[in-house]
Structures are given as structure tokens and as C-alpha cells.
Amino acid sequence: MTKGNINVSVENIFPLIKKFLYSDHEIFLRELISNATDATLKLKHLTNIGEAKVEYGNPKIEVKIDKKGKKLHIIDQGIGMTAEEVEKYINQIAFSGAEEFLDKYKDAGKDSGIIGHFGLGFYSAFMVAEKVEIITKSYLEDTEAARWTCDGSPEFTLEPADKTERGTEIILHIADDSTEFLEESRIRELLTKYNKFMPIPIKFGTKEINDPDHKPETKKDKDGKETKEPQKKITVDNIINNPNPAWTKQPTELEDKDYSDFYRELYPMQFEEPLFHIHLNVDYPFNLTGILYFPKMTADLNIQKDKIQLYQNQVFVTDNVEGIVPEFLTMLRGVIDSPDIPLNVSRSYLQADGNVKKISSYITRKVADKLKSLFNDNREDFEKKWNDIKIVIEYGMLSEDKFFEKADAFALYPTVDGKYYTYQELFDKIKDNQTDKDGKLVILYASDEDSQHSYIEAAKDKAYEVLLLDSPIVSHLMQKMESTKENITFARVDADHIDNLIKKDDTKISKLSEEQQTELETILKEAIPSEKFMVQLEAMDSDASPFIITQPEFMRRMKEMQATGGGMFGMGNMPEMYNLVVNTNSDLVGEILSTKTKKKQERLISQSLDLARLSQGLLKGKELSEFIKRSYEMIK
């Protein structure tokens, strides 16, 4: 037996290991199973190239709990180690890796954004164990097994062991403050979380299944009644992982059902089918595989996030993929796996890393190409799914310039009549009819068909197309479109009278003289609260509404943008302001001006104003009750 001290330059390293990563101490199991997987895959490689003179077979990694003995076992059938290799890899290389990691990050704090601890490796075991044993035997012929023991101090022992089969067994003597890791449910939870898709089968206990070779017979009793003998059960290893998940395969090997089944495997509690998937597969200039799914979206931009799982060589790392996946795609679901993402560093470093930026750009391009191909292959189906995916696409157009450029080929602009246009199709459709006298193309839109119905109808009466744009970020997107596309503007149909939204050369003449208009303006300003409405006299068609309430496009849009992040500072706190557009060619407006009875004049103004407010959904509570009562009195 050999005794010795591990060469320690970081004082009290074992307490540091436990203290520094205390909030993340569950990762010890991920680290130890990753090491076991590496050892097994190395043996596979050596047997494939003929350097290992042993049968690879069908090796497993086994995790066992000895609750009474307060021990946790991790057993592999990989390459194993000789005593000399234990001295080299455990006492020198692995320890120096843990030491270097702690020395670099011990002052970073728990909020440093470290998203992975690969490199801490074997010594993470001391976060939960008061003593650790390694019993190992090399695959090499004529080598003795070895047992290494360390009790969390710099002292270790190394002695021969009686292990006869190749591989390594790690025994953790669980500390009193970590007994949760002796519970079967806790270990199963961790294995499912971190190791669900490890490339080597992981055995955790056994289970009973129906014997596939047993076909129960049906027999008749003495009364002729049929009875079926019980199904025979057999006990098999309980393999807790799927070593060959869908993303590790080529797209040509998979069918739609395989993608659907894998989605269920990732999200067993998700009952809706994804709309479509994107299979990522690149090996140059970096390695990246994965499958992204578009789920049905809600208008809430935050509720969807943290659903993409990041793996490194099939080992789960995190579901916070900020900085790796473009932000607009964090609302998707699925898996990304890359050995080229640096996992031992802070997120700020990660976001500045060249490889990560290339990966992010690649994912953006791949998603854009897939959307274009889905649109081209089956436009009708794409249009049906538009409302469920538009929030992601609009968000991408806002946040990623390259995606914005590519989106011209598939981003859709639906109308209130249920038609869908690409931007170029829309431009070609409306350019002749909706270009104003100054040569600017005015794109009309509504955000709510019901509340803006009368305004939509006024626009349609002039054969104008009205888009239906109702996502929470559409104000931001319109602002970007106006600054990017040449000579266009967006205007909501209730932002002004339709003739003012798209001004043509044929200006209408008012029936009222200038003196009459001045008198009318005075009457209206006395009767209408100025803090709510700005009176605006306009000459319109005689059959147009006498009073129309509009909300200026600029102010309303800035308020909406500030509510969702952006716009002009302070606009969100400003009170709602509306224009009251009064049609000077309306017979009713003429009657208001000509009536000699003050009481009747006030009643006509109140009724007309309330009707206009009702059309905008602005008449509520007591004022609505009074309007209804007054209306009944007028028809008695």
C-alpha cells in the first residue's frame, strides 16, 4: 500500500470545492458519469482501431445506492486504470484541473454566470462525499487492479484491489449534509436531467416487463368459461437514458413521426404538437447538431423562454442558452449540442467568443432558410400557421438585421379580409391606389377588427387594403420598416379621417363659410372637454360620420413602443389624447350650428360625441348608462 499527499497549492481546496459550488453541488453526478462515458468511448475507439485486445461488447454504466451504508456507486466497463495511471490522472492531472478551476473562479461569486463546470471533473465528488474510493482495473493484459482512497484531506492511499473485470468503480461515502443523494427519487431526477441522452446506456436498478416470448394461453374450465393465464413477467435492467437521440442521427434517417416522438421525449407534459421542426447539422467551421421546434406561440414574450436544452456531447449543460442562440429564437424548443462552446467561462465572455458568434449566425441563417423553404413548398399551410409563429419572426426581424433581410421572402402581412401578402406582393397591390399626393406609400392597418370596424369600412369604401397587425411588438416593427424601406409609412385606420391618412390632390370644399367654421369651433370647444379632445374641422363627404374620434399615429405608437421597451422617453406616462374630427359637410353638424335652442344644441353635441366615443370603445361606466338613458328618451 502506498500513502502520500496530493500536491496542493490552493490552501484548503476541499472545503473550497464544497463551498464555492454549493448551490450547484448536484453536478457531481453529471461529472462522474461523463468521466465514465469517456472511459467507455475510449475503449470503443481502441477496439475499433485494433489497439485493445479485448471485446468491447455492450458496456453499461451502473449507478447504485447503498442507503444503509451511506454509499453511492458509479460503475463503468471502460478502459480502467493501472496504479501508475491513478497516480498520474487522479493525483496530478485531475487535481490540477480542479485546482486551476477554483483558483480562476473562486472570487467570481454565485452570480458570475458560469454555466458549466467541465474541468472540475472527478473532484466534484467531494462536494457531497466525506470520503471517495476508486476501484479500477485497466483493459491492458497482466495488470493489477488498484484502490485509491481519500477522505477529503490532501492525504490518499493507493493499494492493490481484487477487482477482476476491467473498468472503474467510484464509491462516494456521502456526507451527513448531503444525504439527499441517497434517495432513489433524487438520483433518478438527476440522471434524467443531466444524463438522459448520454451515449452509453445507464443502468439504475431493475424493472419488470412482460416476457416477450410468453404468449398467455386461453383455457376453458369445467363449465366452459374461458380464462386467460397471467402474463409472465421478467426482470430486466432499468436503462434510464436514450443513448441514440434523434439529433445524433442524419435527417435522412428520420421521418416526421421520429421528430414528433422525440418532442414528446423532451417535453412529456406538452400536449400540443409542434408546428414544424428544423434539424441543425454542421461540421465545419464548427461542430453543431440539434433539432429546434416551433411551438404555438402566445402573445407573452417571456413565458416561452428557457425551453431549448444545451448539451455538450450529449451531456446536459443548461436550458439558458442566451448568447448561444439568437435571442428571438429562445422562444423555440428543442436541443442544441456542440463540443465547440466554451462552458467554463462567464456569460459575458461567452457572448464575445468568436465560435459562439459564428454558431449564433449559423442558427439564424438556418432558421431563415427553413422558413423560406416551408413557405415555398406549401404556402397555404404556412399561412394557416402564421398567427402561431409570427411573434418569433417579427421579433427576429427587429433584432437581427440579416434575418430581417431574409424575411422579405416569407414574412406575411395579413389583411382584415383574410388575405396574406409578402411585402413585395403588398407593395405591388397597393402602390397605385395608396400613394399620397407627396409620393409616399401609406400602408393602412388595424389592430382590432371589432373596435375599429367603422374605420376599416371607411377605408374599404375607397378600395384600400387594410392589414390586420395585432402582435405586441408590431409598433417597433413598423418603425423599423419605415426606416429601412424607401418612402413608406404605416397608419392605423383610426389615426385620422381616411382622406387625411392618404391625402390626394382633390381637396373637398366645406359647405360652411370661414365665419361659420369659427362659430362652430367656439360652440364645440365650450361643450367638449379640451383635456380629452382636440377639435379638428374637416370638409368630408356629406354622408360621412359627423363626429369621428381619432388618435394621432405618432403619439399612440410611441406609447405602445415604450410599453414594450423602446419609443421616446416619457411618452408612456402621457395621458391618452384624441382628435375629434368634425365633418363640416354633415347635415347634423349644420343643424348643430343653426339651432337656436341652447339645450337642443348641447343635446345634439353630447349625443354625437357619445356615438363617436362608443365606436372607439371610450364610452364606459356612468357615461355609458347616461347615454343609453338619453337615447331611450329621444325615441319616446
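Computed over heavy atoms, backbone and side chain alike; hydrogens, waters and symmetry mates excluded. For this chain, numbers begin at 1 and follow the sequence in order.
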Legend entry - Glu208 CD: over 12 foreign heavy atoms closer than 6.0 Å: yes

Legend entry - Distance in Å, Glu400 CD paired with Ser361 OG, rounded so as to fall on 0.5 Å steps: 7.5 Å

Legend entry - Atom pair CG (Leu426) and NZ (Lys419), whose distance is rounded to the nearest 0.5 Å: 10.5 Å

Inset, instruction - Measure the CD1-OH distance between Ile430 and Tyr464 for me, rounded to the nearest 0.5 Å. - result: 10.5 Å

Legend entry - Proximity of Tyr421 and Tyr413 rings by center, below 6.0 Å: no

Legend entry - Residue pair Leu332 / Phe294, side-chain heavy-atom distance below 4.5 Å: yes

Legend entry - Between Glu394 and Ser471, a side-chain donor and acceptor under 3.5 Å: yes

Inset, instruction - Take atom NZ of Lys385 as the centre, draw a 6.0 Å sphere, and report whether it contains more than 12 heavy atoms from other residues, nucleotides or ligands. - result: yes

Legend entry - Other residues, nucleotides, ligands: >12 heavy atoms within 6.0 Å of Lys480 NZ: yes

Legend entry - Atom CG of Asn58 with >12 non-hydrogen neighbours under 6.0 angstrom: no

Legend entry - Lys402 atom NZ: more than 12 heavy-atom contacts under 6.0 Å: no

Inset, instruction - Specify whether Phe490 and Tyr445 have parallel, tilted or perpendicular ring planes, treating 30° as the upper limit for parallel and 60° as the lower limit for perpendicular. - result: perpendicular

Inset, instruction - Would you check if Asp470 and Asp448 make a side-chain contact, meaning some heavy-atom pair closer than 4.5 Å? - result: no

Inset, instruction - Look at the rings of Tyr194 and Phe316 and say which category their plane angle falls in: under 30° parallel, 30 to 60° tilted, over 60° perpendicular. - result: tilted

Inset, instruction - Classify the ring geometry between Phe262 and Trp247 as parallel (under 30°), tilted (30 to 60°) or perpendicular (over 60°). - result: tilted

Inset, instruction - Step by step, work out the salt bridge (charged side-chain N to carboxylate O under 4.0 Å, His left out) result for Lys196 and Glu265. - result: CA-CA 10 Å; Lys196 188 175 181 179; Glu265 194 173 353; 5.5 Å; no

Legend entry - Distance (rounded to the nearest 0.5 Å) between Leu275 CG and Lys296 NZ: 6.5 Å

Inset, instruction - Kindly check if the number of other-residue, nucleotide or ligand heavy atoms within 6.0 Å of CD (Glu253) is above 12? - result: yes

Inset, instruction - Let me see the working for Asp377 and Lys370 under salt bridge (charged side-chain N to carboxylate O under 4.0 Å, His left out), right down to the final yes or no. - result: CA-CA 10 Å; Asp377 292 346; Lys370 177 68 173 182; over 6 Å; no

Inset, instruction - Would you mind reporting whether Ile473 and Met397 have side-chain heavy atoms less than 4.5 Å apart? - result: no

Inset, instruction - Identify which one of Asp237, Ile200, Ile202, Thr40 satisfies the side-chain contact (heavy atoms from CB on, under 4.5 Å) criterion when paired with Lys60. - result: Asp237

Inset, instruction - Indicate whether any N or O donor in one side chain lies under 3.5 Å from an N or O acceptor in the other, for Asp428 and Gln424. - result: yes

Legend entry - Straight-line distance of Tyr267 OH to Gln309 CD, nearest 0.5 Å: 5.0 Å

Legend entry - Donor-acceptor pair between Tyr455 and Arg492 side chains, under 3.5 angstrom: no

Legend entry - Results of side chain to side chain donor-acceptor pair (under 3.5 Å) for Asp258 - residues two or more places apart only: none

